[in-house]
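Naming: A, B, ... by sequence-line order, numbering from 1 per chain.
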There are 2 protein chains.
Amino acid sequence: MCSPNQGQRADARKGVKAHCFFIMVCEPVSNGLILYKKYGAEKKEMSKYALGIDYGTLSGRALLVNAETGDEAAASVFDYPHAVMDETLPDGTKLGFDWALQHPQDYIDVLAHTVPDVLQKSGAAAEEIVGIGVDFTACTVLPVTEDGTPLCFLKQYSSDPNAYVKLWKHHAAQDKATALNAIAEKRGEQWIKRYGGKISSEWLFPKVWQVLDESPEVYADMAYFLEAADWVVWQLCGVQTRNSCTAGYKAMWHKREGYPSEEFFAALDPRMKGILNGKLNCAVSPLGAKAGEVTEAMAKITGLKAGTPVAVGNVDAHVCVPAVKIDGPGKMLAIMGTSTCHMLLGTDEKAVPGICGCVEDGIMPGFFGYEAGQSCVGDHFAWFVENCLPGGYEKEAKSSGKDIHVYLQEKMACLKPGESGLVALDWWNGNRSVLVDVDLTGLLIGLTLQTRPEEIYRALVEATAFGTRKIIENFEKNGVPVEEFYAAGGIPDKGPIVMQIYADIIKKPIRISGSAQGPALGAAIFGAVAGGAYPDVMAAARTMGKLKDVVFTPNMENAAVYDKLYREYEILHDYFGLGLNDVMKRLKEIKKG
Amino acid sequence: MCSPNQGQRADARKGVKAHCFFIMVCEPVSNGLILYKKYGAEKKEMSKYALGIDYGTLSGRALLVNAETGDEAAASVFDYPHAVMDETLPDGTKLGFDWALQHPQDYIDVLAHTVPDVLQKSGAAAEEIVGIGVDFTACTVLPVTEDGTPLCFLKQYSSDPNAYVKLWKHHAAQDKATALNAIAEKRGEQWIKRYGGKISSEWLFPKVWQVLDESPEVYADMAYFLEAADWVVWQLCGVQTRNSCTAGYKAMWHKREGYPSEEFFAALDPRMKGILNGKLNCAVSPLGAKAGEVTEAMAKITGLKAGTPVAVGNVDAHVCVPAVKIDGPGKMLAIMGTSTCHMLLGTDEKAVPGICGCVEDGIMPGFFGYEAGQSCVGDHFAWFVENCLPGGYEKEAKSSGKDIHVYLQEKMACLKPGESGLVALDWWNGNRSVLVDVDLTGLLIGLTLQTRPEEIYRALVEATAFGTRKIIENFEKNGVPVEEFYAAGGIPDKGPIVMQIYADIIKKPIRISGSAQGPALGAAIFGAVAGGAYPDVMAAARTMGKLKDVVFTPNMENAAVYDKLYREYEILHDYFGLGLNDVMKRLKEIKKG
């Protein structure tokens, strides 16, 4: 792992002025990690780049980053031609309720389009790339043959929905998750405590169980069932790996205990016996490790140099942690997009109820990585704009040349906390943390004939912030401190008013990611580490990570009002979320007919 | 009261073809009422007309009706020049929060404009009018001098808001209503049970108490404080009367017990002692009775014939009952406009909690008239259109040339009951019955990212129907049967889809008023009775009342789903409405800051 004297090449073609640079020297430290001391030195002529490839829900993005400075040299985005398949397969085969699939060809197409593009845009040479990192949505999983061919590429399975990639937001395995949780509880399985006491239908085992149940032939014919993150890495370097992040958070793997027992899986379904030594049979690699090197075949497709190091796969949210310079415990990162993921490092393994997971080395080596989440944040605001925005507002925003969210946020900024008399429960897409219940739905209370659209919009924003406060307090109550708050993603980047409301509600200062492309930057950081440019992720984070200058500081007068509103949120949260009134679930039952 | 051989004149000028008509012959029947037997006969040349004058919130309307057939000969509307004054008086004097005033001159202007207009349009001669009825919004009240001059007409009071007409929706006397209810409860006043246990801030005594408290000089100088309905009748015929409807429903008067005791009023405020023999000193007249005859002065202004009989005043909702042919108990009429009033006749006096009132002879002589209400119905749908309607929907409705509500109702008609997964509490404007609580607010539950605007719209419609069902069940539970359901007003007239939803939810067939001008037709019916064209209101109702041919019959498959949704509505209704979680009130407190 130790590679001193990294980063000594600069990009001569770009005529970059020589500037102070660091030569790093190996030195073992007490926690068993290798850290580097830094000595100032003259930068040499050639820069080294790191390449981050970020697979989102609708597109993939390549980001070429200067590994010495974190400066972003070029970016390129490619929309998945098949996007999210939630109604039909390409051949017209109808999908059921709550399905969400993807086509693996799209992922290869991302590489073929974006990598040559960033090389071309930046003028960088392929050999200047020190390492490549890949991050992905998760749990996004697919069945493949022994050589890695997706089963949906086989003619006999091209019309079988279970042969395709099940996207993270595929929710059609809820019955499997429910059964799995019940059996785990009955058997007194201890590992489930690491996941807040409940497994999500989004995760690997409910999804693979659905394949077995609905398409036993696909299950039989697949050699492996793996994360798309690991599959893309396999395609890049020809080596199958499993990353500790998705294995830990999405497949119930533990660094010391491994996966749950074969008996447990046999208890789910006798046919599932042997799954660990079969469909999941691959060692789990730590984050930041090198998975392999770019193959000749992939070099041809992408313009990369064969032999370039490739990091093991990672998850889009998790890679953001070093991208905002987080290098230790107590600092929560919220990645706020359509949904929000909360990342937090801790020094001990605590059983925190209602979180998504606690995985040793799951975010950064040497720490317990805690994850929690909110299922509906940007989606919440987008829903409002799509379904509740009066034509007059739309026109006014257009005529003032403002993005509709900017317009609405400016309008809601004129309101004082509590002025609308509204409170919402932010469960339009269920509740991920701390209730872990996809069957919960949204609520809006306090409506009057005077209620205006911007008041509803603000109530939705506030509700997501109350949800975040609930998550923070839950961590703190269970012995995992949260001292600082960081935010990354489109919402913090473009929504200062939203972030001020968050600061007032959570009563902590908020720092904002300095990159608009946090996951891709994070992936590049892991690529740089895999390529040996840094001794470890913490060191890379401190140099390549970025924060904006702005800090959102709580207004304590507003915070006092929000304390009152939060108490109301909590009462409603518990009443509707803890089974005192299961109306939301009964309405869903009635809806099913 | 008995006037056989009525209605034998036809309108010769209009060349109406002679047709079968009825000669009515007196015959006493068992229930003590005088009914008429009808015998076919040839219609004579001259028709008799009845004139109904309906005073709404923003305009007054005259309707000339053929008293023999109920056919509407001509109508005329006049918008009040001062409309509703809720911000300033005509001279710029600012009004406080929740004020709503009117200018009495507007009421006279209605007569001066609309009566000549209907005579002219119909070609009817003034002497052909058998009688005149007046209905009004209520409780709409004003202070006047001994000769009936409104105090606001006096120069010294033209800038005093308390000298003007307090419109029904003037809510600035809420503190007085609250205090009145507390004192009544403390004193164990029994009469309050007839009003569901609570007096509304909209009614007479809170309003007159506000005058006393804020403008003691207006209170001292007024000879009388009376309903605008009675004031207009006074202006028409020169005789002060008080109608049993407003006296009973809005001024706590009882046929046998009279008003509450002087001691009670003295307990409210010592200065209010003597109010009954002072400001309210006028006998209460039964509905359908003749108040007097058109004066020479008013004949000049209106073109009416001096001496034409004028009925005692009445309330816009209450006069609609005979206008839809209701002639006895068990038949509930809902007048559905911005809000909904429910009218029901019963044979006994029952203490029904949470209703607006039970008044003997308050709707039709011989019965106990029950009234209940919902504060937010058409207003609910209008709020949605104003605040939640996406621009795309607005455009689509426009390009298809459809009224926006017709468009939305067509869209929501494509949904099945329960399909949206939504339930709302229809309390955007508080709850009038059966909770009688203006501080309750609206709730919407079951929202998801898939929720569409038409689903929300439908949920609001359903919520108002659930509210109606609650009112019906409350009557039934307390011994006042509801067997049939009638609806009048703009919503039933134009919203067949809304009415089908109502039928499915209340599980009763719904009949619809045959007149788009139910109150004016109802006023004309009372005018015809006062003029002697019919022996009583029931007989006039059967002949002059009108129903559409259509009947909305419950679809029992839908009703079964709605039974389930209604159970959820009830749980939420009780949880938020009965004090288990007073979040709505606390949010209002926070809002006040």
Side-chain angles (χ1 to χ4, degrees), chain A residues 338 375-376 379-380 382-395 416-425 427-430 441-453 455-456 561 564-565 567-569 571-572 575-576 580-581 583-584 586-593, chain B residues 338 375-376 379-380 382-395 416-425 427-430 441-453 455-456 561 564-565 567-569 571-572 575-576 580-581 583-584 586-593:
Chain A
T338 54
S375 328
C376 174
D379 270 353
H380 213 185
W383 172 85
F384 176 87
V385 167
E386 209 170 300
N387 293 285
C388 305
L389 187 78
Y393 280 55
E394 208 181 317
K395 262 185 227 152
K416 282 182 295 187
E419 186 181 331
S420 71
L422 296 174
V423 165
L425 288 177
W427 302 344
W428 264 242
N429 197 20
T441 57
L443 174 141
L444 191 56
I445 194 167
L447 294 147
T448 74
L449 291 175
Q450 285 72 47
T451 301
R452 305 284 299 144
E455 293 181 323
I456 297 178
V561 179
K564 289 185 198 170
L565 293 175
R567 271 199 291 279
E568 302 303 336
Y569 176 90
I571 294 169
L572 295 168
Y575 178 68
F576 290 109
L580 293 171
N581 182 355
V583 52
M584 292 165 178
R586 290 191 298 268
L587 289 175
K588 279 205 168 179
E589 282 306 310
I590 294 170
K591 188 172 180 165
K592 285 180 195 160
Chain B
T338 54
S375 327
C376 174
D379 270 354
H380 212 184
W383 172 85
F384 176 88
V385 167
E386 209 171 300
N387 293 287
C388 304
L389 187 78
Y393 280 54
E394 207 180 318
K395 264 185 225 153
K416 282 182 295 189
E419 186 181 331
S420 72
L422 296 174
V423 165
L425 288 177
W427 302 344
W428 264 243
N429 196 20
T441 58
L443 174 141
L444 191 55
I445 194 168
L447 293 147
T448 74
L449 293 175
Q450 285 73 48
T451 301
R452 307 284 298 144
E455 293 181 323
I456 297 177
V561 179
K564 290 185 197 170
L565 294 175
R567 272 198 291 279
E568 302 304 335
Y569 175 90
I571 294 169
L572 296 167
Y575 178 68
F576 290 107
L580 294 171
N581 181 355
V583 52
M584 293 165 178
R586 289 191 300 267
L587 289 174
K588 279 204 167 178
E589 282 306 310
I590 294 170
K591 188 172 180 166
K592 285 180 195 160

ask   = Tell me, side chain or backbone of B:L565 under 4.5 Å from chain A's heavy atoms, or both, or neither?
value = both

query = Side chain, backbone, both or neither: which part of B:E394 has a non-hydrogen atom closer than 4.5 Å to chain A?
reply = side chain

query = Considering only heavy atoms, which portion of A:I456 lies under 4.5 Å from any heavy atom of chain B: side chain, backbone, both, or neither?
reply = side chain

Nearest non-hydrogen partners of B:W383 and A:L449, listed with the distance = CD1-O, 3.3 Å

Options B:R586, B:Q450, B:K564, B:K592, ranked by heavy-atom pairs under 4.5 Å with chain A, top entry = B:R586

remark   = For A:C388 and B:P390, the nearest pair of non-hydrogen atoms, with its separation, is N-CG, 4.4 Å

query = With chain A, which of B:L425, B:I571, B:V385 has the greatest number of heavy-atom pairs at distances under 4.5 Å?
reply = B:I571

key: Most contacts with chain A, counted as non-hydrogen pairs under 4.5 angstrom, among B:A382, B:G392, B:G593, B:S420   = B:S420

query = Counting N and O atoms only, with roles assigned by atom type, does the side chain of A:N429 sit under 3.5 Å from a partner on the main chain of A:S375, one being a donor and the other an acceptor?
reply = yes

key: Non-neighbouring partners of B:Y575 that pass side-chain hydrogen bond (donor to acceptor under 3.5 Å, both in side chains), sequence neighbours left out   = B:N581

key: side chain to side chain contact (heavy atoms under 4.5 Å, CB included) between A:L572 and A:I445, intermediate numbers included   = CA-CA 10 Å; A:L572 295 168; A:I445 194 167; 4.0 Å; yes

key: Residues that A:K591 engages under salt bridge (Lys or Arg N to Asp or Glu O under 4.0 Å), provided they are two or more places apart   = none

remark   = Pair count under 4.5 Å, heavy atoms only, with chain A: among B:M584, B:R452, B:K588, B:R567, highest is B:R452

inquiry  = Please find the pair of heavy atoms, one from B:C376 and one from B:W428, that lie closest to each other, and give the distance.
reply    = SG-CB, 3.6 Å

message = With a 4.5 angstrom heavy-atom cut-off, is it the side chain or the backbone of A:L389 that approaches chain B, or both, or neither?
response = backbone

remark   = Okay, B:Y393 and chain A: the region with an atom under 4.5 Å from a heavy atom over there is neither

request  = Give, as side chain, backbone, both or neither, the part of B:T451 having an atom under 4.5 angstrom from any heavy atom of chain A.
outcome  = both

remark   = The interface call for B:L444 against chain A, heavy-atom contacts under 4.5 Å, is both

key: For chain B, the option from A:F384, A:W427, A:F576 that forms the most heavy-atom pairs under 4.5 Å   = A:F576

query = Looking at OG1 of A:T448 and CG of B:D379, how far apart are the two atoms once the value is rounded to the nearest 0.5 Å?
reply = 11.0 Å

